[in-house]
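Numbering starts at 1 and runs along the sequence shown.
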Amino acid sequence: GVKPQEYVDKMAADVKKLWKTLDISYDKFIRTTDGYHKAAVQKIFDRLLEQGDIYLGEYEGWYSVSDEEFFTETQLAEVYKDDEGNVIGGKAPSGHEVELVKEESYFFRMSKYADRLLEYYEEHPEFIQPESRKNEMINNFIKPGLEDLAVSRTTFTWGVPVKSDPKHVVYVWIDALSNYITALGYGSEDESLFEKYWPADVQMVGKEIVRFHTIYWPIMLMALDLPLPKKVFGHGWLLMKDGKMSKSKGNVVSPDALVNDYGCDSLRMYELFVGPPELDAEWDDRGIEGVSRFLNRFWNLVMDSKDKETEPTREMVRLRNKLIFDIEQRFNQFNLNTVISGFMEYNNKFIELAKKTGGIDRETLRTFVILLAPFAPHIGEELWQQLGGSDTVFHAQWPVCDEEAMKEDEISVAVQVNGKTKAVVTLPAGTSKEDAIEAGKAMVTDKLTGTIVKEIYVPGRIINIVCK
């Protein structure tokens, strides 16, 4: 007996509460029930209608209430038939039940833009990531023939009414997808934020809604003569050992309990660390415990070093710049799990270095904290204050890598004879191939038997003397 608006109001309040627990900040909490959004959606719909991209027709198909999506008979994961072989129902690919719906509906001419969309994919190979998602969109949905999309309903009133035909409610995808631009003021009297921030550099979406964000959404934008987001990344799911998290299975992990046990920073970082973002990953308590240990060890490193006024050594400066370089490289390649493992690797290196020097210099610690803060904002902010940072860590200047400073003065290279390591030689950085091989041979003179037939040097890694 709860009215729809009351129901979604409670859901919005619950989400805000959870985000506060998880220390998730946002510039704007977007709700598609807000008045500015409804007005903009009506403008968008009417424009597409006026230019012939939307037309009135009749729809008959299998509809999943839970998925808010229509399916053809061939798309159903399971089909129910009566004794005479007539289809009477079925299940969507998600496993949810479908029902037959027949009603008057407005349709979006998706087919009109199919060739243009494929051309865009070819000209912008980075648009859909990972690559496997793009192949799925092309082979499963576009090449078989892109069907026009039903974009209105008449069997309910909850939603945005079509301004020129109020018995129709704008169906979910035009309403939902357009929030990315209406939240920035598109379709309002002030579009300054839209002009400043659109197109998005990247849109992160779950793999189950990649189709809507890489087919429906770009076609919508093309029809509106608007730029497309530069990249859409479809991330995988976090699963349990027995599959997807489900209340019916009783395998749901409570974020409140995890925050209480480990802290919100450990939870945030573990969800990135658990596996490559494009793949499904399996929840493992040992993983979040490992992340928690890393944060504790880094906290202790800062606490032990912060008041010692340690002078930066050449090795500290080199490691600091390598940290900046490696973290930025991994992040720019969207290898988020290796970003987190990178923090762990460098923390171990600094801990070992601190054992030799008595501590780590303040600039290096501040650099590490600035890089870490977007991933662990709570600890990042606390450590920033401990290090005497003014204002908030999120207003600090982002570190810049000095590539010259991160170069090593000397390198250690394994010397092999017929592929087996016999010694290690220390060489000045930048040693030529010829000099490196001569130095390597000098280290293993007594191990060389027979005739030398090949001399191999992999810079910075191995020297291999092949004898016969």
Side-chain angles (χ1 to χ4, degrees), residues 262-277 281 284-333 335-384 386-387 393 398-399 401-403 405-414 424 426 429 460-461:
Y262 300 103
C264 61
D265 288 340
S266 294
L267 177 56
R268 291 161 64 105
M269 292 188 70
Y270 172 68
E271 290 185 347
L272 296 176
F273 176 62
V274 68
D284 186 343
D285 287 343
R286 292 172 297 178
I288 193 170
E289 289 166 2
V291 172
S292 181
R293 282 195 300 272
F294 150 67
L295 290 173
N296 287 332
R297 295 184 78 212
F298 180 60
W299 176 277
N300 293 335
L301 175 66
V302 174
M303 292 297 105
D304 290 344
S305 298
K306 71 184 182 74
D307 296 324
K308 291 183 177 178
E309 302 298 331
T310 304
E311 289 295 319
T313 64
R314 174 79 178 93
E315 182 64 7
M316 286 181 202
V317 173
R318 187 183 71 80
L319 275 179
R320 178 203 309 155
N321 283 281
K322 279 183 67 66
L323 167 70
I324 298 168
F325 181 84
D326 281 352
I327 294 301
E328 286 194 338
Q329 284 283 101
R330 299 176 192 200
F331 184 79
N332 290 336
Q333 293 167 3
N335 296 325
L336 302 181
N337 57 315
T338 67
V339 170
I340 307 305
S341 63
F343 284 127
M344 295 176 178
E345 293 163 16
Y346 278 93
N347 186 49
N348 291 338
K349 291 178 181 179
F350 283 121
I351 288 173
E352 291 304 310
L353 185 57
K355 291 177 182 178
K356 301 175 184 177
T357 60
I360 300 298
D361 72 285
R362 185 171 290 251
E363 184 178 352
T364 296
L365 293 174
R366 285 161 65 97
T367 296
F368 202 124
V369 168
I370 293 170
L371 294 171
L372 180 66
F375 304 92
H378 182 72
I379 288 176
E381 191 64 64
E382 286 195 30
L383 289 177
W384 181 249
Q386 289 286 338
L387 291 168
V393 66
W398 193 254
C401 173
D402 180 348
E403 294 193 25
M406 75 177 186
K407 291 180 180 178
E408 299 184 34
D409 294 327
E410 294 182 328
I411 55 175
S412 296
V413 181
V424 175
T426 299
R461 297 182 62 188

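- Annotation: the span from L323 atom CG to T364 atom OG1 amounts to 9.0 Å, rounded to 0.5 Å.
- Side-chain atoms of S341 and R330, non-hydrogen and from C-beta on, do get closer than 4.5 Å to each other.
- Nearest heavy-atom pair, M344 versus V291, reported as atom, atom and distance to 0.1 Å: CE-CG2, 3.7 Å.
- Taking the six-membered ring for Trp and the full ring otherwise, Y270 and Y262 have centroids separated by 6.0 Å or more.
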* To do: Show your working on salt bridge (charged side-chain N to carboxylate O under 4.0 Å, His left out) between E289 and R286 and close with a plain yes or no.
  => CA-CA 5 Å; E289 289 166 2; R286 292 172 297 178; over 6 Å; no
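- The heavy-atom pair separating F375 from L272 by the smallest distance is CD2-CD1, 3.6 Å.
- Residues I324 and L371 meet the side-chain proximity criterion, which asks for heavy atoms closer than 4.5 Å.
- Separation of atoms CD1 (I340) and CE (M269) is listed at 3.5 Å; rounding is to 0.5 Å.
- The backbone N or O of L319 lies less than 3.5 Å from no partner atom in the side chain of K349, so there is not a single donor-acceptor pair.
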Enumerate, atom names and distances included, each donor-acceptor pair closer than 3.5 Å involving a side-chain atom of residues 296-304, sequence neighbours excluded.
from	atom 1	to	atom 2	distance (Å)
N296	ND2	S292	O	3.3
R297	NH1	N348	OD1	2.5
N300	ND2	N296	O	3.2

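- The CD1 atom of I360 sits 10.0 Å away from the CZ atom of R320 when rounded to the nearest 0.5 Å.
- For the pair V317 and N321, the tightest heavy-atom approach, listed with the atom from each and the gap, is O-ND2, 2.8 Å.
- Atom-to-atom distance recorded for T367:OG1 and M316:CE is 13.0 Å, nearest 0.5 angstrom.
- D326 CG to E328 CD: the interatomic distance, rounded to the nearest 0.5 Å, is 10.0 Å.
- Checking side-chain atoms of R314 against main-chain N and O of A405 turns up a donor-acceptor pair under 3.5 Å.
- Listed here is the closest heavy atom pair of I288 and S266: CG1-O, 4.0 Å.
- Formation of a donor-acceptor pair under 3.5 Å by the R362 side chain with backbone atoms of T310 is not found in this model.
- Residues satisfying the side-chain contact (heavy atoms from CB on, under 4.5 Å) test with F325, not counting sequence neighbours, are Q329, C401, E403, M406.
- Qualifying side chain to side chain donor-acceptor pair (under 3.5 Å) partners for K355, counting only residues two or more places apart in sequence or in other chains: E352.
- Ring geometry for F368 versus F350: interplanar angle over 60°, hence perpendicular rather than tilted (30 to 60°).
- Here the shortest heavy-atom pairing between N335 and T338 reads O-OG1, 2.8 Å.
- For Q333, the CD atom sits in a packed shell: over 12 heavy atoms of surrounding residues, nucleotides or ligands are nearer than 6.0 Å.
- Nearest heavy-atom pair, D361 versus P312, reported as atom, atom and distance to 0.1 Å: CG-CB, 3.6 Å.
- Judged purely by atom type and a 3.5 angstrom limit, R268 has no side-chain atom pairing as donor or acceptor with the backbone of A376.
- I370 is listed as a side-chain neighbour of V393, based on a closest heavy-atom distance under 4.5 Å.
- To the nearest 0.5 Å, the span separating CG on L387 from CG on L365 amounts to 5.5 Å.
- Remark: E345 CD is packed, more than 12 non-hydrogen atoms of other residues, nucleotides or ligands lying under 6.0 Å away.
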